[in-house]
There are 2 protein chains.
Amino acid sequence: MKIGELSKATGVSIRSLRYYEKQGLLAADRQLNGYREYNKMAIEQVVTIQFYLSLGLSTDQIAGFLHCVMKNKESFCKEILPVYQKKLEEINSQIDLLNAIKSNLEERIASILEESGGMLQ
Amino acid sequence: MKIGELSKATGVSIRSLRYYEKQGLLAADRQLNGYREYNKMAIEQVVTIQFYLSLGLSTDQIAGFLHCVMKNKESFCKEILPVYQKKLEEINSQIDLLNAIKSNLEERIASILEESGGMLQ
DNA sequence: ATAAACCCTAACATCAATGTCAGGGTCAAT
DNA sequence: ATTGACCCTGACATTGATGTTAGGGTTTAT
């Protein structure tokens, strides 16, 4: 499978596939002409990469356990739990911050709507 | 007041003060030698800029209403309400996304802890 | 053999506020 | 007059996944 086919099969841009390779996430054989040649497992692997990226993990973090999770259940890969836990803490911090900002915005919006009363057309 | 004094008075770096000027947020007179000269209102203005930045607004957005809010109550500045409302929508989207990721992470963490059971030391 | 559709590498661009460095004036106190 | 502490502008760096372009080789079908 050439890179264009893998791109179409996964919906991931050629640019991103090459980037994943450089980040050590996705290996490819080379044909004699230099073209990348992917086996059919590559599709599943790219989908997996995209999934972990959608959890907000970095390519660096994913590289730390991808090889393991492609061959085993997650619970078998001891590297993954601390990554998940660290990410969960980050997410919680971010949610807290966003909620604080949200409250602040809501208060200020309410205040504006009250004070301007009927003045707004 | 020179830029170093303003920086110390507000805790904002000199670099940032110059950046705010370039973004049209903070004006300064110039002494004959080219040094920036700030009046005492600048301190309040920088604090105000920092506050709006902490709400996640961009310098561009802040520039759209800062002049007004430095002289009036927020409710007087009609430019500010749509900015707040747009930002609130963004924040809500981000919170929703983070909550979805959080649920996903929590499920996967729970699953790992269950399945590995007593296997982890 | 030529054109369209592929593939390759390398490199710059994105976003946005801030850090940092280079190269060079200015001012104050000794 | 020299030193240290200021100030100036301009420009590159940061972050990280992805877009885009340039310049060039390959393959396939006509």
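In what follows, every chain begins at residue 1, and chains take the letters A, B, ... in the order their sequences are listed. Both backbone and side-chain heavy atoms feed into the values below; hydrogens, waters and symmetry mates do not.
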_Would B/Lys86 and B/Glu89 count as a salt bridge (Lys or Arg N to Asp or Glu O under 4.0 Å) here? Give the steps._
CA-CA 5 Å; B/Lys86 177 173 174 239; B/Glu89 282 177 28; over 6 Å; no

*Could you identify which residues of residues 82-105 of chain A place a heavy atom less than 4.0 Å from some atom of DNA chain C, listed by residue number, or say none?*
none

Tell me: [atom1] of [X] to [atom2] of [N], nearest whole Å?
| X | N | atom1 | atom2 | answer |
| --- | --- | --- | --- | --- |
| A/Ile14 | C/dC8 | CD1 | P | 8 Å |
| B/Arg15 | D/dT14 | CZ | P | 15 Å |
| A/Tyr20 | D/dG16 | OH | P | 15 Å |
| A/Gln50 | D/dA17 | CD | P | 11 Å |
| B/Glu5 | D/dC6 | CD | P | 10 Å |
| A/Ile49 | D/dG16 | CD1 | P | 17 Å |
| B/Leu17 | C/dT20 | CG | C1' | 16 Å |
| B/Leu53 | C/dT18 | CG | C1' | 11 Å |

*Between A/Arg30 and A/Glu21, is the closest basic N to carboxylate O distance under 4.0 Å?*
yes

So, is [X] close to the [N] phosphate, meaning a side-chain N or O under 4.0 Å from OP1 or OP2?
| X | N | result |
| --- | --- | --- |
| A/Ser16 | D/dA17 | no |
| A/Arg18 | C/dC8 | yes |
| B/Tyr19 | C/dT18 | no |
| A/Thr59 | D/dG16 | no |

_Closest non-hydrogen atom pair, A/Ala63 against A/Gln23_ = CB-O, 4.2 Å

*Go through the side-chain N and O atoms of B/Tyr84 and A/Arg108 and say whether any donor and acceptor fall under 3.5 Å apart.*
yes

*State whether a side-chain donor-acceptor pair under 3.5 Å links B/Glu115 with B/Ser111.*
yes

*From the list C/dA17, D/dC8, C/dG19, which nucleotide is the closest neighbour of the side chain of B/Ser58?*
C/dA17

*Would you check if A/Lys87 and A/Leu55 make a side-chain contact, meaning some heavy-atom pair closer than 4.5 Å?*
no

*asked:* Quick check against the 3.5 Å criterion: does A/Asn104 have a side-chain atom that pairs as donor or acceptor with the backbone of A/Ala100?
replied: no

_At a heavy-atom distance below 4.0 Å, what parts of residues 21-39 of chain B sit against DNA chain D?_
B/Arg30, B/Gly34, B/Tyr35, B/Arg36

_Residues, nucleotides or ligands: over 12 heavy atoms within 6.0 Å of A/Glu44 CD_ = no

*What residues form a ring pair (Phe, Tyr, Trp, His ring centres under 6.0 Å) with A/Tyr52, not counting sequence neighbours?*
A/Phe65

